[in-house]
Peer 1: 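Next up is a structure, given as structure tokens.
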Amino acid sequence: MRFILMLLMLLCATATTPAMAADEIFGFAIGANGVWFDDNAEPSDFEIGGNVKASLSPHFSAVGAGYYGFGHSYLRGSAGFRVTATDVNDPTFSLGLGMQYHFSSEPNIRPEEWAPDASVGWRPWTSQPRVILVALGSYGMDTNQATLMAGVRYAL
Amino acid sequence: MNLLQILSNAAGVPVEKIVTWLENAAAALPDAAPEINTLIERIRSPLTAELLGNLSMAVIAELKDIASGHIVPKDHPSDFA
């Protein structure tokens, strides 16, 4: 309940601020995902959490995330880098290629390992520039496990 | 090779399934259909050797800038994936 109230307060705070400033080094977002990691058509889990990024150059960013999976009751995090593979001047759509180290409170469910990834980010509504739709596919270097994530972000 | 194939290989989901899902989304959301069709087109675009080569050169140059303390941020939606 406290978590939900905090989220609501954050959303109210950002709703009254001017339109999001672009091209800042640090960025934060809260989000929700569906994730697939056990070869079923149904999502393996639903997650809620947040992302952080540090844009260091037009193509290169340091990225990180922390999420809680409700179905399997795990906390997971990731940290790494991402290279933007599309037009760096397009603020509405980008593709990324990168690698992150994943860590988890339940390694038997969400393994701890390095995983290269390919990602997509899209701002579909110009009237809501803080809302971003994302998808990411990653491949675990130790477990050879593929994971797909699709979700929504609200940039703070 | 394009991003659609990379995502398909990474997730173990056939390319056709991902495209069908996106096309169904475009049909279900007619107001968003042009944007979804653009998205499909973009992830189908080939990541050619030339494009990857140019990207590698740009990244190497930018890493040198970062090492010398020259930070030039750019906002990318995929950074929050």
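Lettering of chains follows the sequences in order, A, B, ..., and the numbering in each one begins at 1. Just the heavy atoms: all of them, side chains too, but no hydrogens, waters or symmetry mates, feed the values below.
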Peer 1: Sort A:V120 into side chain, backbone, both or neither according to what part of it lies under 4.5 angstrom from a heavy atom of chain B.
Peer 2: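 Both backbone and side chain.
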Peer 1: Can you check whether B:K74's main-chain N or O pairs, donor with acceptor, with A:S55's side chain at less than 3.5 Å?
Peer 2: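 Indeed, once roles are kept as given, a pair shorter than 3.5 Å links the two residues.
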Peer 1: Could you give the distance from CD1 (B:I60) to CZ (A:F60), rounded to the nearest 0.5 Å?
Peer 2: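 Taking CD1 in B:I60 and CZ in A:F60, the distance rounds to 12.0 Å.
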Peer 1: Distance check, rounded to the nearest 0.5 Å: A:H59 atom NE2 versus B:N54 atom CG?
Peer 2: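 Between atom NE2 of A:H59 and atom CG of B:N54 there are 9.0 Å.
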Peer 1: Hey, which residues of residues 84-103 of chain A are touching chain B, say heavy atoms under 4.5 Å apart?
Peer 2: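 Hits under 4.5 Å: A:T84, A:A85, A:V88, A:N89, A:D90, A:P91, A:T92, A:F93, A:S94, A:L95, A:G96, A:L97.
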Peer 1: In this structure, would A:F46 and A:M149 fall into the same cluster of hydrophobic residues linked by side-chain contacts under 4.5 Å?
Peer 2: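 Unlinked, A:F46 and A:M149 end up in two clusters.
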Peer 1: Same cluster or not: B:L22 versus B:V15, using hydrophobic residues (I, L, V, M, F, W, Y) connected whenever any side-chain heavy atoms lie under 4.5 Å apart?
Peer 2: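 B:L22 clusters together with B:V15.
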Peer 1: First locate atom CZ of A:R130, then atom CZ of B:F80, and finally report the distance between them rounded to the nearest 0.5 Å.
Peer 2: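 Reported value, rounded in 0.5 Å steps: 10.5 Å.
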Peer 1: Quick check for you: among A:D117, A:N33, A:V52, A:V83, which has the greatest number of heavy-atom pairs under 4.5 Å with chain B?
Peer 2: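 Of the options given, most contacts go to A:V83.
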Peer 1: Please flag which part of A:F37 lies under 4.5 Å from any non-hydrogen atom of chain B: side chain, backbone, both or neither.
Peer 2: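 Looking at A:F37, nothing touches chain B.
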Peer 1: Is the CH2 atom of A:W114 crowded by more than 12 outside heavy atoms at less than 6.0 Å?
Peer 2: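 Enclosed.
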Peer 1: In terms of hydrophobic clustering (I, L, V, M, F, W, Y; side-chain heavy atoms under 4.5 Å; direct or indirect links), are A:W36 and A:Y67 co-clustered?
Peer 2: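 Each belongs to a different hydrophobic cluster.
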Peer 1: Which atoms form the tightest heavy-atom contact between A:S57 and B:E62, and what is the distance?
Peer 2: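 Here A:S57 and B:E62 meet closest at OG-OE1, 2.5 Å.
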Peer 1: Only pairs of heavy atoms separated by less than 4.5 Å count here; which of A:F28, A:F26, A:W125 has the most with chain B?
Peer 2: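 The option with the most such pairs is A:F28.
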Peer 1: Would you give the length of the straight line joining atom OG of B:S78 to atom NZ of A:K53, rounded to the nearest 0.5 angstrom?
Peer 2: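 Rounded to the nearest 0.5 Å, the OG-NZ separation comes out at 9.5 Å.
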Peer 1: Examine whether an atom of A:A65 lies under 4.5 Å from a heavy atom of chain B, and if so say whether it belongs to the side chain, the backbone or both; otherwise answer neither.
Peer 2: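 For A:A65, neither part sits under 4.5 Å from chain B.
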Peer 1: Looking at chain A, which one of B:I36, B:I71, B:D79 has the largest number of heavy-atom pairs inside 4.5 Å, strictly under?
Peer 2: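 The option with the most such pairs is B:D79.
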Peer 1: Give the intermediate values and the outcome of side-chain contact (heavy atoms from CB on, under 4.5 Å) for residues A:I132 and B:H76.
Peer 2: CA-CA 10 Å; A:I132 304 168; B:H76 303 300; over 6 Å; no
Peer 1: Test of understanding: clusters of I, L, V, M, F, W, Y form through side-chain heavy atoms closer than 4.5 Å, transitively. Do A:V63 and A:I48 belong to the same one?
Peer 2: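 No, separate clusters.
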Peer 1: Using non-hydrogen atoms and a 4.5 Å limit, figure out which bit of A:A135 sits close to chain B: side chain, backbone, both or neither.
Peer 2: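 Only the backbone of A:A135 comes within 4.5 Å of chain B.
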Peer 1: Return the minimal non-hydrogen interatomic distance between B:I66 and A:L56, and the atom names on each side.
Peer 2: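 Result for this residue pair: CD1-CB, 3.5 Å.
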Peer 1: Flag the one option from A:L136, A:V134, A:L133 with the top tally of heavy-atom pairs under 4.5 Å to chain B.
Peer 2: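 Among the listed options, the one with the most contacts to chain B is A:V134.
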